[in-house]
Amino acid sequence: MKNFFKIENFSCGYRTGFKIENVNFSIHKGSFAGIIGPNGSGKSTLFKGVTQELKAHKGSILLNNINISNMSYKEKARNIAIVTQKINAEAITAYEYVLMGRIPHKKHLNFFESKYDHAIAQKYMEMTDTWRMRNKYMNELSGGEQQLVSIARALTQEPQLLLLDEPTSYLDITHQVQVLNLIQKLNDELGLTVLMIIHDLNLASEYCDYLIMMKNGTQYTQGTPNEIVNYENIEAVYDTVVITKTNPLSNNPVVFLVSQKTLDSLK
Amino acid sequence: MKWIIILVILVILSTITIFYSMTIGEIKLSFSELLSILKNGKGTMSYTILTHIRIPRVILGFAVGGALSLAGVILQGIYRNPLVEPYTLGISGGAALGVALVIVFGVAHTATTYLLPFAGFAGSVITVFMVYFLSIRHGRIRIQSMLLIGVMISFISSSAMMFIMSTSTSEQVHSIVFWIMGSLDEPNITLIKTAAIASIAGLVLTYLFVQPLNALRLGEEKARHLGVNTEWSIRLLFIISSLLVGISVAVAGVIGFVGLVIPHMVRLIISNNYRMLLISSFLIGGIFIVLCDTLARTIISPNELPVGVITGIVGGTVFIVVLAKTSLKK
C-alpha cells in the first residue's frame with residue numbers, strides 16, 4: 001500500500017532555536033526506511049515531531065490517512081511503537097518491562113495482565129531471543145540486550161509502525177548487526193513497517209530499502225540506497241570527501257572515508 | 001498468586017496491630033478481655049475508654065499513616081525521585097504557617113475544634129497549589145522545577161513562621177510548637193471520620209492510576225510512548241496526594257518520615273509494581289503509625305511523647321537496617 005505513513009509540509013522545533021521545516025516524505029506499508037543525515041540536520045527533531053514530543057508548527061503526519069495528532073495517547077501507542085536510544089528502567093525485570101507494552105491495550109481499572117498478554121510477551125521475547133533473560137533486571141543487561149528487550153516491548157504493543165531512534169548507536173558491530181538483523185527479520189516476517197534514524201551510512205545502505213537524507217532542518221533527498229548513497233549527495237550533505245563503491249555481496253552502496261593526509265598525497 | 005498471599009498477610013498483620021494497640025494503655029487488657037468488653041461491656045468504664053479514646057485513636061493513626069505513606073508513594077512516582085516525601089513540597093510549612101497565623105491573631109482563644117485543623121488544611125492546600133501553578137510554563141508542568149519551588153516555599157514559610165513566633169508570646173509559641181509536633185490525640189470524632197474516609201477514598205482513586213504510575217517508572221517521555229496521558233495523570237495524582245497530606249496534617253499535625261520510609265521499604269521488600277505498592281504502603285504505613293503511637297503513649301506513661309519523635313527514630317533505624325541488609329544480599 002502506498003502512502004502508508006506520510007509526512008506533509010511538516011515543521012516543528014524548539015521554542016527558541018532549532019527547527020525543521022517543510023519535511024515531506026511517505027513510506028510504503030512493509031517498508032524498512034531510514035532517516036540519515038549529519039549531526040544537527042534535524043533527525044532527532046524530526047523523530048520528536050513524529051512522536052509528538054514536539055508540537056507540529058505546520059503540516060501533518062498521517063498513518064493510514066489518519067492524522068496522528070487526532071489520535072488519543074493510547075490509540076497512538078497501539079499503532080506506533082517507539083524504541084529510543086536509552087532505556088532507563090531501573091529495578092524492573094525484562095519480562096515486566098516487556099509486559100508494559102500491553103498498557104496501551106488496557107482499560108483504566110484493568111491492571112492485571114490477561115493470559116493473552118503473557119502469551120504475546122513470551123512470543124515476542126522468544127522471537128527477539130530475550131526470553132532467557134526474562135528474570136534479569138533491566139539495569140543488569142548490556143546495552144545490546146536492553147535494545148533487544150526494548151524491541152520486544154515495542155512488538156507487544158502490536159503496532160503498525162515501529163519507530164527507532166538510532167538503535168545501534170551505543171553498540172559494537174556484533175550487536176549492531178544482531179539488532180539490525182532482528183529488525184530486518186521482523187520487517188520480513190511480520191510485515192512490520194519500520195522507520196529508523198540511523199547514523200551509520202553503511203548500515204543504513206545495507207539494511208534499509210528507502211532512505212530520507214536530512215540537511216539543515218529539511219530533507220535533502222530521498223530514495224533507495226542505490227539512488228541516493230553516492231559521493232555527490234554525501235559530499236553535499238556531510239561536507240566530507242568520500243568514495244562510494246558497491247558491496248560485492250549485497251550490491252548495496254558502501255561509503256569509504258578518506259583521511260586528509262591521503263588526499264594531500266594525491267595532489 | 002504470590003501477591004494475594006502477601007496481601008492476606010498484610011491484612012492479618014493490620015488486624016493484629018489494631019487489636020493489640022487497643023489493649024495497651026493505662027489499663028492493660030488481654031485479648032479475651034478486650035473482646036468480651038466490646039461484646040457485652042456496654043456502660044462500663046472500660047467500654048467507654050475503648051470506644052471514646054482508644055478505638056478512635058487507632059482509626060485515626062491507621063488513616064493518617066496510610067494516607068501519608070500513600071501520598072509518599074504517589075509523589076515519589078510522579079517525581080521519579082525516591083527522596084521526595086509529602087513534606088518536601090512545603091506542605092507542612094504551609095500548614096504550620098496557617099496554624100501559627102490563627103493562633104497569633106488570637107482567634108484560637110475562642111477556639112472552635114475545627115478552626116485549627118481548618119487553618120492547617122488551608123495552609124497546606126494553598127502552599128501546594130502555589131507550588132503547582134508556579135511550576136506550569138507554557139501549559140506544561142515542569143516536574144523538576146516543581147521540586148525546587150516546593151523546597152523554596154517551605155523555606156519561606158518556615159522563615160515566616162519563625163518571624164511570627166519571635167514576635168509572639170511564649171504561650172502562643174507553646175501552642176504553635178505543640179500543634180506542629182503532631183499528635184493523634186484528637187477528641188473530635190467528625191475529624192477522625194473525615195480523615196478515615198478521605199484516606200480510603202484516596203487509596204481507591206489512586207488505583208485508577210496504577211498503569212500511568214507503572215509506566216512513569218520509565219520516565220515521562222517513555223510513559224507517553226506507552227499511551228499514558230502523563231500531563232493529566234500527574235496533575236490528578238498530585239492533587240490527590242496533596243489533599244491526603246493536607247487532611248493528615250490538619251488532623252494530626254506534622255508526622256514526618258512515614259511518607260519517605262514506608263514506600264521505600266515496600267519497594268525494597270515487596271515490589272515496585274504500583275498495583276502492589278499502593279495497597280502495601282497504605283497498610284504498612286497504617287500499621288507503622290499505630291505501633292509508633294502505642295509506643296509514644298506508653299513509653300513515658302502517664303505522659304506522652306509526640307508520635308513524630310518515635311516515627312523519626314524508629315523509622316530511620318529500621319530503614320538503615322533494611323537498606324544495609326538488602327545491599328549486603330546484592
Side-chain angles (χ1 to χ4, degrees), chain A residues 14-16 47-48 50-55 71-93 95-113 137-140 146 149-150 153-154 156-159 162-165, chain B residues 1-4 7 76-77 80-82 137-140 142 203-234 236-237 263-264 266-279 323 326-327 329-330:
Chain A
Y14 297 93
R15 202 169 304 280
T16 48
F47 188 83
K48 285 197 168 145
V50 174
T51 63
Q52 296 188 304
E53 283 300 307
L54 290 174
K55 274 205 181 109
M71 292 182 183
S72 71
Y73 282 90
K74 277 199 173 181
E75 238 179 309
K76 231 180 301 165
R78 283 195 294 263
N79 287 298
I80 303 175
I82 295 158
V83 174
T84 47
Q85 286 181 38
K86 284 235 150 187
I87 300 133
N88 30 13
E90 333 126 8
I92 299 173
T93 63
Y95 186 63
E96 202 188 336
Y97 178 77
V98 172
L99 265 183
M100 285 168 81
R102 297 307 294 167
I103 289 179
H105 294 271
K106 295 193 162 306
K107 296 234 162 62
H108 249 319
L109 266 177
N110 178 8
F111 38 76
F112 285 97
E113 286 86 15
Y137 286 103
M138 287 301 280
N139 50 9
E140 296 170 352
Q146 287 191 0
V149 174
S150 190
R153 186 267 307 152
T156 59
Q157 287 175 240
E158 300 192 298
L162 180 63
L163 272 183
L164 305 109
D165 185 10
Chain B
M1 197 54 212
K2 189 183 109 199
W3 291 350
I4 294 174
L7 205 59
Q76 289 156 13
R80 294 193 73 220
N81 183 338
R137 270 290 143 75
H138 307 295
R140 270 208 172 169
R142 294 167 310 159
L203 181 65
V204 172
L205 279 178
T206 311
Y207 260 91
L208 290 171
F209 294 94
V210 165
Q211 279 165 14
L213 280 168
N214 272 336
L216 277 169
R217 288 181 299 179
L218 306 176
E220 272 187 83
E221 187 181 334
K222 310 240 153 93
R224 278 194 286 276
H225 294 170
L226 288 173
V228 171
N229 188 336
T230 51
E231 194 72 13
W232 276 107
S233 304
I234 288 177
L236 293 172
L237 283 167
H264 220 100
V266 177
R267 272 178 230 270
L268 277 175
I269 298 170
I270 298 180
S271 164
N272 64 0
N273 188 316
Y274 278 85
R275 67 185 150 198
M276 204 55 203
L277 193 49
L278 295 178
I279 179 80
L323 201 64
T326 45
S327 52
K329 254 193 275 169
K330 280 177 184 171

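Convention: sequence-line order gives letters A, B, ...; per-chain numbering from 1.
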CA sep, side-chain torsions, deciding dist, call: A:Met100, B:Arg217, side chain to side chain contact (heavy atoms under 4.5 Å, CB included):
CA-CA 11 Å; A:Met100 285 168 81; B:Arg217 288 181 299 179; 3.9 Å; yes
Greater than 12 external heavy atoms within 6.0 Å of B:Lys222's NZ:
yes
Do the side chains of A:Ile92 and B:Leu218 get nearer than 4.5 Å, heavy atoms only?
yes
Toward chain B, the part of A:Arg153 with a non-hydrogen atom under 4.5 Å
side chain
B:Leu226 to A:Pro104 - nearest heavy-atom pair and separation:
O-CD, 3.4 Å
Evaluate salt bridge (Lys or Arg N to Asp or Glu O under 4.0 Å) for B:Arg275 paired with A:Glu113, printing each intermediate quantity in order.
CA-CA 12 Å; B:Arg275 67 185 150 198; A:Glu113 286 86 15; 3.2 Å; yes
Heavy atoms under 4.5 Å from chain B: which residues of residues 73-82 of chain A carry them?
A:Tyr73, A:Lys74, A:Ala77, A:Ile82
Check each atom of B:Asn229 against the heavy atoms of chain A and say whether the ones under 4.5 Å are side chain, backbone, both or neither.
both
Do the non-hydrogen side-chain atoms of B:His225 and A:Val83 ever get within less than 4.5 Å of each other?
no
Taking salt bridge (charged side-chain N to carboxylate O under 4.0 Å, His left out) as the definition, give me every residue that meets it alongside A:Glu53, ordered by chain and number, with sequence neighbours left out.
B:Arg224
Portion of A:Lys86 that has a non-hydrogen atom of chain B nearer than 4.5 angstrom
backbone
